[in-house]
*Asks:* 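The structure that follows is given in the form of structure tokens.
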Amino acid sequence: MATAPTKQALLELYHNSLRTSRAFSSYNFREYFVRRTKDEFRVIQNEADPGKLSAFYNDKVKELEVLKRSAIVNQLYGGWRLVVETQNSERERSDN
């Protein structure tokens, strides 16, 4: 019988995944991985089966390691800022 990860462990994994997703320098990659992380954790949010939770947790821990490496590579080879990013930062400055 698989033991389910604690709610705290799942939340920590969720926050680490979001933090790593936001580390991408490329806007498109960053937004995709943030959206994907939120969607995947939203689906499993009400799951009670310990086997499914354990499998999900183990899978996401492995994916987090891949995501960390990918974010580092993306930071090394980041390109120019997109117009969307420039507009958002200007809008935030004008709101203050």
*Asks:* Start with the C-alpha gap between T37 and T20, add the side-chain angles, then the distance that decides, and say whether side-chain contact (heavy atoms from CB on, under 4.5 Å) holds.
*Replies:* CA-CA 10 Å; T37 299; T20 304; over 6 Å; no
*Asks:* Is there any salt bridge (charged side-chain N to carboxylate O under 4.0 Å, His left out) pair reaching into residues 3-22, and which pairs are they, with sequence neighbours excluded?
*Replies:* none
*Asks:* Would you say L53 and P5 make side-chain contact, with heavy atoms under 4.5 Å?
*Replies:* yes
*Asks:* I'd like a table of donor-acceptor pairs (distance under 3.5 Å, sequence neighbours excluded) in which one partner is a side-chain atom from residues 62-69, with atom names and distances.
*Replies:*
unit_1: E63; atom_1: OE1; unit_2: K60; atom_2: NZ; d: 3.2
unit_1: E63; atom_1: OE2; unit_2: K60; atom_2: NZ; d: 3.3

*Asks:* In chain order, what residues pass the side chain to side chain contact (heavy atoms under 4.5 Å, CB included) check against N58, with sequence neighbours excluded?
*Replies:* S54
*Asks:* Quick check for you: to the nearest 0.5 Å, what is the distance between R36 atom CZ and S17 atom OG?
*Replies:* 9.5 Å
*Asks:* Under the rule for side chain to side chain contact (heavy atoms under 4.5 Å, CB included), what residues qualify as partners of T6, not counting sequence neighbours?
*Replies:* Q8, A9
*Asks:* When rounded to the nearest 0.5 angstrom, what distance separates OG in S26 from CD in E31?
*Replies:* 10.0 Å
*Asks:* Could you tell me which residues satisfy side-chain hydrogen bond (donor to acceptor under 3.5 Å, both in side chains) with S25, sequence neighbours excluded, listed by chain and number?
*Replies:* N74
*Asks:* Rounded to the nearest 0.5 Å, how far does CZ of F41 lie from CD of E47?
*Replies:* 13.5 Å
*Asks:* Quick check for you: to the nearest 0.5 Å, what is the distance between D49 atom CG and F56 atom CZ?
*Replies:* 13.5 Å
*Asks:* State which residues pass side chain to side chain contact (heavy atoms under 4.5 Å, CB included) with D39; sequence neighbours excluded, sorted by chain then number.
*Replies:* R35, R42
*Asks:* Looking at residues at least two apart in the chain, or sitting in another chain, which of them share a ring-ring contact (aromatic ring centres under 6.0 Å, His included) with F33?
*Replies:* F24
*Asks:* Are L18 and V61 linked, directly or through intermediate hydrophobic residues, by side-chain heavy-atom contacts shorter than 4.5 Å (ILVMFWY only)?
*Replies:* yes
*Asks:* In terms of hydrophobic clusters joined by side-chain contacts under 4.5 Å, are F29 and Y27 together?
*Replies:* no
